[in-house]
2 protein chains.
Amino acid sequence: MAQHKRRVERKSDLVDAAWRAMLEHGATSVRLNQVAEQAGLTSGAIIYHYPDLQELLLDAHRAGMERFYEQRLRAVEGIASPARKLVVTIMSGLPTDSDDPDVRLLCELGGAAARNSVYALLLTSLYDRQVSLYQVILEAGAAQGVFALQDDSLAIGRNLVALEDAYGYRIMARHGAIDQEAAAGLILDYARIATGHRLPLLTPSPTTEDKEP
Amino acid sequence: MAQHKRRVERKSDLVDAAWRAMLEHGATSVRLNQVAEQAGLTSGAIIYHYPDLQELLLDAHRAGMERFYEQRLRAVEGIASPARKLVVTIMSGLPTDSDDPDVRLLCELGGAAARNSVYALLLTSLYDRQVSLYQVILEAGAAQGVFALQDDSLAIGRNLVALEDAYGYRIMARHGAIDQEAAAGLILDYARIATGHRLPLLTPSPTTEDKEP
DNA sequence: GGCTATTTTGAACCAGTCTTCAATATCGAA
DNA sequence: TTCGATATTGAAGACTGGTTCAAAATAGCC
């Protein structure tokens, strides 16, 4: 049993190392040696655990995507108001800047997905889950009567995630006029007319602190 | 003079070959040999004209992007109605399916742009030009009183191009529910509330034929 | 047709990477 | 502490792909 646990831990170490290596050298062009170096091992050791490097990279991407998604969930937990929830969710989907590691890898993955059906599937699933995330918020707001949805929540959700994604790429490409704030502003422009709510951007919500004391 | 012309022609042949090779083997992972094969030459001949392969790939991307943009311009020329123009422009920005070559390479380029500042610049410039394209249509429609813009044309234009881009990625990744038509529908959902116009999707416009007889 | 400049080939060379595997080191249990 | 299993190294071999360059082919010109 103990050796099984160690095995799992080691694999997890390698996944982390692979993730860092991809970040440093590129999601697609990363080399086995570079992963090994990040892990503080030699290439043989990597192969011992992952005979196929692609498998390791895939696991690393999976883990990164999962982290990204969980992070978004955490960002809104404890927020009651649908409007605030929507604004925070929008912000949490955007990279802070062109160095944001999670979004960077997601973008590189997006570029590779046209050729790699596994990556494509992974990203498609992430997309759909994010859409659902928005749908829940939109429906809740509609049920409470604070949102007057101009379309079905599925359509609005899809457009919101699409906008996030696209501005993620813009920010990664260092568009001079579009940073996280500007992108959030643009997406909110859409969210406002789609929900019929003013959706104040403003200060980090005071309601978030509620759950702490 | 004649040899100069030949030189230019040959370079253009190589650019075409490089473009095809990228399409077949991937924008980033394409090999010198593969370009040579597409051109019906050996690698030495490619190097003779393009000592740096990156330069050739860059030219190929530039040409592809230019073609894509020109194609969009042509798609609306001769259409008078701003509403129709808007609808046609939206359609022309979306890949027909996951095999659409131009969009495929643009997506791969997007993935690479996070690491390659030249590609980033190229894509940023394309994005901005496409935004301008929309702005012109939006402003014309507003001036004619057929559009009631809910935001400044810059914001709407940016969002429209962002949506196109994002759905391009979804289509490339073979999202089961999002094909060209569905994507157009979603973007139009936004365009409708942003312009206050019904924007009928419908049939290939009859007004297009006007200029033929 | 012969001459020169340009273009292209083909082979040799080099660097980097993956793979394999015997030798070595480390771990955990008894 | 010792033993067997597990993990890791390091070096050798095979392969791929870029680079170089002398030699061959081709084109354009007189």
What's the closest nucleotide to the side chain of A/Asn33 if the choices are C/dT7, C/dT17, D/dA7?
C/dT17
Between D/dA7 and A/Tyr48, is there an OP1 or OP2 to side-chain N/O distance shorter than 4.0 Å?
yes
Side chain of A/Leu32: nearest nucleotide among C/dC18, D/dT8, C/dT9?
C/dC18
Among the nucleotides C/dC27, D/dA27, D/dT9, which one has an atom lying closest to any side-chain atom of A/Ala45?
D/dT9
Using only side-chain N and O atoms of A/His49, determine if any of them is under 4.0 Å from OP1 or OP2 of D/dT6.
no
Verify the neighbour count for atom CD of A/Glu181: are there more than 12 heavy atoms of other residues, nucleotides or ligands below 6.0 Å?
no
For C/dT7 and B/Arg7 - does any side-chain N or O of the residue sit under 4.0 Å from the phosphate oxygens OP1/OP2?
yes
Counting side-chain heavy atoms from C-beta on, which of D/dT20, C/dT19, C/dT6 comes nearest to A/Ser43?
C/dT19
Any side-chain heavy atom of B/Arg67 sitting closer than 4.5 Å to one from B/Asp102?
yes
Evaluate the criterion salt bridge (Lys or Arg N to Asp or Glu O under 4.0 Å) for residue pair A/Arg31 and A/Glu37; output intermediate values, then yes/no.
CA-CA 10 Å; A/Arg31 303 286 155 212; A/Glu37 188 181 12; over 6 Å; no
Can you work out whether B/Thr42 or A/Val30 has the more 5'-proximal nearest nucleotide on DNA chain C?
B/Thr42
Can you figure out which of D/dA27, D/dT8, C/dT17 approaches the side chain of B/Arg6 most closely?
D/dA27
Whole-Å gap separating C1' (D/dG17) and CD (B/Gln54):
14 Å
Residues B/Arg72, B/Glu77; criterion salt bridge (Lys or Arg N to Asp or Glu O under 4.0 Å); working and verdict
CA-CA 9 Å; B/Arg72 300 196 70 175; B/Glu77 75 184 2; over 6 Å; no
Using the closest heavy atom to pick a nucleotide of DNA chain D for each, name whichever of B/Gly44 or B/Leu53 lands nearer the 5' end.
B/Leu53
